[in-house]
There are 2 protein chains.
Amino acid sequence: MQITSKFTTAVHILTCIDIFGDERRVTSDFLSGSTGVNAVIIRNVLSQLRTAGIVNTRQGSGGAHLAKALDEITLYDVYKAVDCVDDEGLFHFHENPNADCPVGRNIHRVMDGRLTAAQKAFENELKKTTLAQVVADTRKIISEE
Amino acid sequence: MQITSKFTTAVHILTCIDIFGDERRVTSDFLSGSTGVNAVIIRNVLSQLRTAGIVNTRQGSGGAHLAKALDEITLYDVYKAVDCVDDEGLFHFHENPNADCPVGRNIHRVMDGRLTAAQKAFENELKKTTLAQVVADTRKIISEE
DNA sequence: AAAGTTGTAATTTAATTTATTTCAACTTTC
DNA sequence: GAAAGTTGAAATAAATTAAATTACAACTTT
């Protein structure tokens, strides 16, 4: 199992908006070309980023723009925006444990706190990186090529 | 997306082996009844736990047994045993970034270290809990019921 | 008005996860 | 040593999810 590629796609998109935004319109079609991801999927991701207040887009006009500074956007914000993990959490519980079995009716509760802690540790790590850092690293590599 | 329920199923299985192992044979059929998971899936999970050196099973004889002490098995060991996350890692990269685009050909590399760190943080948290703790909590809840 | 773009719904395709079917090999017990 | 019960494993099916595709109305700019 893997976290949906919409997450890495979203980071790619935001990086492109910052790096190419000055010289050209960053349309879903352009982003589709850079990512190799279908333009409709790009528009869906942009739509989620817009709902999260991370980008601005407008019907007709073409070109996505950042709605906040890169150093105010963490990888966690993007992860949340594109809804990588739903309310059920990162772990999938087997759904029909037997309530007549003392283990079956309690195991979920016993594990829950510990699994949530693991998920939190993971998410907290994502909060440590801002898009500003990602873009800075990308610009550095490009300039050295 | 969610981590396969084989993981929580495996923890359930190990808990049952410890709690019921003294009074009865813990067969795949019994475990299927307690978990609500198909008996063949149970046998597959047991097979993975056996490969990891966590349980012993034998053809014909019936009944799984722990191959090591509960306090020597962490949630991480179980997670690894049932192969929740493959070599590709927890995050799924979009697979066809455009090598002609300076962002496209570098973004993977830029993100990789940070995403690996998040995965590591998550896995390290799983290493903090042993099955001994899970079973102790389970026994406590059962005794208070 | 024309060209290009976004937003969104509906559908299809592909991949993955879980369940099911089947049966040979093995153990224990009577 | 035959019967009953079990594991191991392969093959297949069903269900779920992710990603791509098709289609088109609404909007902006020129």
Side-chain angles (χ1 to χ4, degrees), chain A residues 1-10 12-13 17 21 24-33 35-52 55-65 67 79 82-97, chain B residues 1-10 12-13 17 21 24-33 35-52 55-65 67 82-88 90-97:
Chain A
M1 85 81 217
Q2 291 191 301
I3 286 177
T4 172
S5 60
K6 285 202 295 176
F7 172 66
T8 52
T9 301
H12 187 144
I13 285 172
I17 293 174
R24 55 166 11 271
R25 272 197 306 173
V26 182
T27 65
S28 61
D29 210 50
F30 172 74
L31 290 167
S32 177
T35 57
V37 172
N38 188 280
V40 175
I41 304 294
I42 296 290
R43 292 205 283 275
N44 288 341
V45 171
L46 279 171
S47 167
Q48 291 183 296
L49 292 173
R50 177 160 38 81
T51 300
V55 303
N56 289 316
T57 56
R58 269 168 67 217
Q59 222 172 12
S61 73
H65 301 273
Y79 157 91
V82 300
D83 214 22
C84 291
V85 172
D86 65 23
D87 296 339
E88 299 284 300
L90 186 54
F91 292 92
H92 186 189
F93 270 93
H94 47 300
E95 282 159 7
N96 306 304
Chain B
M1 86 82 219
Q2 290 191 301
I3 286 176
T4 171
S5 59
K6 286 201 296 178
F7 172 66
T8 53
T9 301
H12 187 146
I13 285 173
I17 292 174
R24 52 162 19 268
R25 272 197 307 173
V26 182
T27 65
S28 60
D29 211 50
F30 171 76
L31 289 167
S32 176
T35 57
V37 171
N38 187 281
V40 175
I41 304 294
I42 297 290
R43 292 205 282 275
N44 289 341
V45 172
L46 280 171
S47 167
Q48 292 183 295
L49 292 173
R50 177 161 37 82
T51 300
V55 303
N56 289 318
T57 57
R58 269 168 68 217
Q59 223 173 10
S61 72
H65 301 273
V82 300
D83 214 25
C84 291
V85 171
D86 64 21
D87 297 339
E88 300 283 301
L90 186 55
F91 293 93
H92 186 190
F93 270 93
H94 48 299
E95 282 159 8
N96 307 303

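Keep in mind that this is a model prediction, so the values were computed, not measured. Below, chain A is the first sequence line, B the second, and so on; all start at residue 1.
Annotation: side chain of B/Ile42 is in contact with side chain of B/Thr35 (closest heavy-atom distance under 4.5 Å). At least one side-chain heavy atom of B/Ile17 sits under 4.5 Å from a side-chain heavy atom of B/Val55.
Mapping B/Ser61 and A/Ser47 onto DNA chain C by nearest heavy atom places A/Ser47 closer to the 5' end of the strand.
Of all heavy-atom pairs between A/Arg25 and A/Ser61, the closest is NH1-O, 2.7 Å.
Residue B/Arg43 places none of its side-chain N or O atoms closer than 4.0 Å to OP1 or OP2 of D/dA9. Of the side-chain N and O atoms in A/Asn38, none sit less than 4.0 angstrom from OP1 or OP2 of D/dA19. A/Arg58 has no side-chain polar atom (N or O) that falls below the 4.0 Å cut-off from OP1 or OP2 of C/dG7. Neither OP1 nor OP2 of D/dT16 sits under 4.0 Å from any side-chain N or O of A/His92. Taking 4.0 angstrom as the limit, A/Thr57 places a side-chain polar atom (N or O) nearer than this to OP1 or OP2 of C/dG7. The phosphate of D/dA19 (OP1 or OP2) has a side-chain N or O of A/Ser5 nearer than 4.0 angstrom. Between B/Thr4 and the phosphate of C/dT18, there is a side-chain N or O to OP1/OP2 separation shorter than 4.0 Å.
For the pair A/Ile41 CD1 and D/dT17 C1', the computed distance is 13 Å after rounding to whole Å. Straight-line distance from the CG atom of B/Leu46 to the P atom of D/dT6: 14 Å, rounded to whole Å. For the pair A/Asp29 CG and C/dG4 C1', the interatomic distance rounds to 10 Å; values are reported in whole Å. Here C/dT8 presents its C1' atom at 10 Å from CZ of A/Arg50, a figure rounded to the nearest Å. The CD1-P distance, from A/Ile42 to D/dA20, rounds to 9 Å in whole Å. Between A/Lys6 atom NZ and D/dA18 atom P the separation is 8 Å, expressed in whole Å. For the pair B/Gln59 CD and D/dA10 P, the computed distance is 12 Å after rounding to whole Å. For the pair B/Asn44 CG and C/dA19 C1', the computed distance is 11 Å after rounding to whole Å.
Heavy atoms of A/Gly60 sit under 4.0 angstrom from at least one base atom.
Base-pair partner of C/dT27: D/dA4 (Watson-Crick or G-U wobble, both distances under 3.5 Å).
Residue B/Ile13 is tested with B/Leu31, B/Thr8, B/Val26 for a side chain to side chain contact (heavy atoms under 4.5 Å, CB included); the sole match is B/Leu31.
At least one donor-acceptor pair under 3.5 Å links the side chain of B/Thr51 to the backbone N or O of B/Ser47.
Listed nucleotides C/dT22, C/dT5, D/dT7 differ in distance to A/Arg25; the shortest reach to its side chain belongs to C/dT5.
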